[in-house]
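Down below is the structure, laid out as structure tokens.
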Amino acid sequence: MKDKFIELTLGSYIISHGYNTKNKEMMEHIPSDTFSKKLLPISRIKSISEKYILTDYVNGRWIYWEYKEDYEALKKLLV
């Protein structure tokens with residue numbers, strides 16, 4: 001089955017690289033002064049909040065993206 005995509009306007013993001021030996025999450029913040037449109041496979045979206053979309057990535061990493069769309073409108077598209 002072919003994956004479906006959604007176009008989103010994304011900005012800064014945070015990459016979770018997993019946990020260190022002291023069980024502390026290793027986060028990398030990538031700031032952006034602008035937002036840009038990106039196509040994301042819907043299957044990679046794990047959750048949304050009013051500020052972030054959580055997506056999975058390679059090697060067990062997670063990415064929290066800031067997005068520009070309206071939360072309620074985005075929720076309706078995904079439900």
Side-chain angles (χ1 to χ4, degrees):
M1 182 178 193
K2 194 171 183 179
D3 206 349
K4 293 186 179 187
F5 288 78
I6 186 170
E7 183 179 62
L8 297 169
T9 312
L10 304 174
S12 299
Y13 56 99
I14 302 166
I15 304 171
S16 173
H17 292 282
Y19 295 86
N20 65 17
T21 56
K22 295 182 180 180
N23 206 31
K24 180 165 172 55
E25 193 169 15
M26 297 179 295
M27 307 291 276
E28 179 182 2
H29 297 260
I30 312 295
S32 176
D33 293 333
T34 62
F35 284 80
S36 60
K37 291 194 178 282
K38 297 187 187 311
L39 285 176
L40 280 179
I42 291 175
S43 63
R44 286 187 42 208
I45 298 173
K46 302 307 172 196
S47 71
I48 63 170
S49 69
E50 290 183 1
K51 185 174 182 177
Y52 293 105
I53 288 181
L54 174 61
T55 62
D56 63 2
Y57 196 60
V58 296
N59 300 325
R61 293 182 179 141
W62 300 95
I63 300 180
Y64 298 88
W65 292 93
E66 282 187 294
Y67 66 96
K68 207 172 192 181
E69 285 74 18
D70 175 71
Y71 172 78
E72 291 298 325
L74 180 56
K75 185 171 78 171
K76 287 178 184 176
L77 287 173
L78 294 173
V79 174

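Sequence positions, counted from 1, serve as the residue numbers for this chain. Just the heavy atoms: all of them, side chains too, but no hydrogens, waters or symmetry mates, feed the values below.
Residue L8 holds its CG atom at 5.0 Å from CD of E69, rounded to the nearest 0.5 Å.
By the criterion of side-chain heavy atoms lying less than 4.5 angstrom apart, applied directly or through intervening Ile, Leu, Val, Met, Phe, Trp or Tyr residues, V58 is grouped together with I63 in one hydrophobic cluster. Cluster membership check: I14 does not share its hydrophobic cluster with I53, using side-chain heavy-atom separations under 4.5 Å among Ile, Leu, Val, Met, Phe, Trp and Tyr.
Applying the ring-ring contact (aromatic ring centres under 6.0 Å, His included) test to residues at least two apart or on different chains, the pairs with a partner in residues 47-79 are Y13-W65. Within the structure, no pair that satisfies the salt bridge (Lys or Arg N to Asp or Glu O under 4.0 Å) test touches residues 8-30, not counting sequence neighbours. For residues 38-51, the salt bridge (Lys or Arg N to Asp or Glu O under 4.0 Å) pairs, not counting sequence neighbours, are R44-D56, K46-D56, K51-E66.
Nearest heavy atoms, R61 versus I15: CD-CG2, 4.1 Å. The two atoms that bring L78 and I45 nearest to each other are CD2-CD1, 4.2 Å, heavy atoms only. For the residue pair S12 and S32, the shortest heavy atom distance occurs at OG-N, 2.8 Å.
Scored by the side-chain contact (heavy atoms from CB on, under 4.5 Å) test, K37 finds E7, T9 as partners (sequence neighbours excluded). Partners of D70 by side-chain contact (heavy atoms from CB on, under 4.5 Å), not counting sequence neighbours, listed by chain and number: E72, A73.
Side-chain heavy-atom separations under 4.5 angstrom define the hydrophobic clusters, and the remaining members of the one that includes L39 are F5. Under a 4.5 Å side-chain heavy-atom criterion applied to ILVMFWY residues, the cluster that includes F35 comprises that residue alone.
With a 4.5 Å cut-off on side-chain heavy atoms, I42 and L77 do not count as touching.
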